[in-house]
Amino acid sequence: MEEANKTMVSEFIFQGLCASKELQIFLLVPFSILYLMTVLGNLFVVILIIIDHHLHSPMYFLLANLSFIDFCLSSVTTPKMTNDLLKDNKTISFGGCMSQILCVHFFGGGEMVLLVTMAYDRYVAICRPLHYSSSMDRQKCIWLVLISWIIGFIHAMSQLILILELPFCGPRVIDSFFCDIPLVMKLACVNTDTLGIVINADSGVLATTCFILLLISYTYILLTVQLHYKDGSSKALSTCTSHVIVVVLFFGPCIFIYLWPVSITWVDKFLAVFYTVITPLLNPAIYTLRNKDIKNAIKKLKNHI
């Protein structure tokens, strides 16, 4: 009987962003444009860093990986959400729902650790410049990126395994536009209060730990810049400011959703849109607009074309 209950729900139904059909149709074009810009922007950054030899440094290697993760993270939810804006019946299979949960936490967890790695790169470059070439050589950079992917995968699998153990026998309506763990757990046929604490603690500890490490790193970096780099502080401050903006935009919504004790549906939806649709678009824009090396690479590419 238990096994039968687990397989009774073969699909879930999304309520979507809003109840108004007119508003959903209105949102179709803006979200489609945002996703297209996210894909083109992030892939452009990756390709630019690959083809320009002046950008073959640890910082830009990490930035290329960040852009790739943002492209993947946005692609997990945005195409489905955009397509559903035209549908009255917004359904997703059980397997598709579990895949969304896995991928969102895989890419989201990986990005958190990667942002910490990027902060470490700036820390070594600014605070220990004489040790930079040995501390951030190509092999170590590759290992740091691999570690971020591995931690993201372990985090995602730990979340998914706990969810897969739950019996789902109805209801099957998810008040969102993608499968997020807190909302899916509400549909289980058993009490999930204890499990919810465990899962939120898992996500919350990862997000909060990374966020605290980032705050400490950038505080130390900015203090070092102010004290020791009077002449070359402008470029360092610009780079760190870009990183800090990305960190706040990415971690703010995640920490609020998983650690805030009170759940407000429209706020959760707005924040979910922010970190799955808006932030992946803002990242390449922030780095491109505030980075002289990227600007120069774009100019050289234009001249070459």
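Note that these values count all heavy atoms, side chains included, but never hydrogens, waters or copies made by symmetry.
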*Between L63 and V45, does a side chain to side chain contact (heavy atoms under 4.5 Å, CB included) hold up when you go through it step by step?*
CA-CA 8 Å; L63 176 57; V45 170; 4.2 Å; yes
_Non-hydrogen side-chain atoms of W143 and Q139 separated by less than 4.5 Å_ = yes
*Decide whether I126 and L223 are clustered together by the hydrophobic rule: side chain heavy atoms of Ile, Leu, Val, Met, Phe, Trp, Tyr closer than 4.5 Å, transitively.*
no
*At what distance, to the nearest 0.5 angstrom, does CG of L40 lie from OG1 of T38?*
9.0 Å
*Within the distance-only criterion (no hydrogens, no angle test), does the side chain of T192 pair as donor or acceptor with the backbone N or O of A188 below 3.5 angstrom?*
no
*Are the two sulfur (SG) atoms of C179 and C97 closer than 2.5 Å?*
yes
*Within the distance-only criterion (no hydrogens, no angle test), does the side chain of D180 pair as donor or acceptor with the backbone N or O of P182 below 3.5 angstrom?*
no
_The criterion is side-chain hydrogen bond (donor to acceptor under 3.5 Å, both in side chains); which residues satisfy it with Y123, sequence neighbours excluded?_
none
*Taking all non-hydrogen atoms of both residues into account, name the closest pair between A119 and I221 and its distance.*
O-CD1, 3.8 Å
_Inter-residue atom distance H105.NE2 - I154.CD1, 0.5 Å rounding_ = 15.5 Å
*Hey, does S10 have a side-chain heavy atom less than 4.5 Å from the side chain of F94?*
no
*Go through the structure and list residues passing side chain to side chain contact (heavy atoms under 4.5 Å, CB included) with L55, not counting sequence neighbours.*
L48, I49, D52, Y60, D293, I294, A297
*asked:* Do Y120 and S135 pair up side chain to side chain, a donor and an acceptor below 3.5 Å, judged on atom types alone?
replied: no
_Can you list everything that forms a ring-ring contact (aromatic ring centres under 6.0 Å, His included) with F178? Sequence neighbours excluded, please._
none
*Under the salt bridge (charged side-chain N to carboxylate O under 4.0 Å, His left out) test, residues paired with D202 that sit two or more places apart*: none
*In chain order, what residues pass the salt bridge (charged side-chain N to carboxylate O under 4.0 Å, His left out) check against K90, with sequence neighbours excluded?*
none
*To the nearest 0.5 Å, how far apart are CD in Q159 and CD1 in I181?*
4.0 Å
*Would you call F68 and C72 a side-chain contact if the rule is heavy atoms closer than 4.5 Å?*
yes
*asked:* Centre-to-centre under 6.0 Å for F211 and F251, is that the case here?
replied: yes
*OH (Y218) with more than 12 external heavy atoms under 6.0 Å*: yes
*So which heavy atom on V104 is nearest to which on Y275, and how close?*
CG1-OH, 4.5 Å
*asked:* Could you measure the distance from the OG atom of S217 to the CG atom of D121? Nearest 0.5 Å is fine.
replied: 11.5 Å
*Group every Ile, Leu, Val, Met, Phe, Trp and Tyr by side-chain heavy-atom contacts under 4.5 Å, then state whether M112 and I216 land in the same group.*
no
_Check: I13 and I174 side chains under 4.5 Å, non-hydrogen atoms_ = no
*Does the pair M98 and S93 meet the rule for a side chain to side chain contact (heavy atoms under 4.5 Å, CB included), with working shown?*
CA-CA 9 Å; M98 296 302 110; S93 67; over 6 Å; no
*Give a yes or no on whether V76 and L43 share a hydrophobic cluster (residues Ile, Leu, Val, Met, Phe, Trp, Tyr; joining criterion: side-chain heavy atoms under 4.5 Å apart).*
yes
_Minimum-distance pair of heavy atoms, taken over all atoms of F250 and G108_ = CZ-O, 3.7 Å
*Looking at OG1 of T279 and CG of L249, how far apart are the two atoms once the value is rounded to the nearest 0.5 Å?*
5.5 Å
*asked:* For a quick test of reading the model, state the closest non-hydrogen atom pair linking S32 to T82 and the distance between them.
replied: OG-CG2, 3.1 Å
*What is the distance from atom CG of N89 to atom OG1 of T91, rounded to the nearest 0.5 Å?*
5.0 Å
*Consider only side-chain N and O atoms of Q100 and T77, and report whether a donor and an acceptor are under 3.5 Å apart.*
no
_When you compare the side chain of R138 with that of F61, does any pair of heavy atoms fall below 4.5 Å?_
no
*Quick one: does K300's side chain have a donor or acceptor within less than 3.5 Å of a partner on K295's backbone?*
no
*Using the test side chain to side chain contact (heavy atoms under 4.5 Å, CB included), find all partners of F106 that sit at least two apart in sequence or belong to another chain.*
W149, F153, A156
*Counting only N and O atoms by type, is there a donor-acceptor contact under 3.5 Å from the side chain of S148 to the main-chain atoms of V145?*
yes
_Pair I33, V29 - check side chain to side chain contact (heavy atoms under 4.5 Å, CB included), show working._
CA-CA 6 Å; I33 293 173; V29 173; 3.6 Å; yes
_Counting C-beta onward and ignoring hydrogens, is there a side-chain heavy-atom pair between E165 and V190 closer than 4.5 Å?_
no
*Got a sec, which residues hit side chain to side chain contact (heavy atoms under 4.5 Å, CB included) with H56, two or more places apart in sequence or on another chain?*
H53
*What closest approach, in Å, do S176 and L183 show between heavy atoms, and which atom pair accounts for it?*
CB-CD1, 3.3 Å
*CA sep, side-chain torsions, deciding dist, call: F14, D175, side chain to side chain contact (heavy atoms under 4.5 Å, CB included)*: CA-CA 6 Å; F14 292 138; D175 191 8; over 6 Å; no
_According to a hydrophobic-cluster definition based on side-chain heavy atoms being under 4.5 Å apart (Ile, Leu, Val, Met, Phe, Trp, Tyr only), do L271 and V248 belong together?_
yes
*Spell out, yes or no, whether I212 and M118 are grouped together once hydrophobic residues are joined by side-chain heavy atoms under 4.5 Å, including indirect joins.*
no
*Does the side chain of F71 come within less than 4.5 Å of V46's, by heavy atoms?*
no
*With sequence neighbours excluded, what pairs up with T78 under the side-chain hydrogen bond (donor to acceptor under 3.5 Å, both in side chains) test?*
S74
*Are any non-hydrogen side-chain atoms of L281 and Y35 less than 4.5 angstrom apart?*
no
*Apply disulfide (SG to SG under 2.5 Å) to C210 and list each qualifying residue two or more places apart in sequence or on a separate chain.*
none
*Name all residues meeting the salt bridge (charged side-chain N to carboxylate O under 4.0 Å, His left out) criterion together with R172; count only those two or more places apart in sequence or in a different chain, and write none if there are none.*
E11
*asked:* The criterion is salt bridge (charged side-chain N to carboxylate O under 4.0 Å, His left out); which residues satisfy it with D88, sequence neighbours excluded?
replied: K21
*Could you name each residue pair satisfying disulfide (SG to SG under 2.5 Å) that touches residues 17-62, not counting sequence neighbours?*
none
*Identify the heavy atoms of I101 and I163 that sit nearest to each other, and give their distance.*
CD1-CG2, 4.4 Å
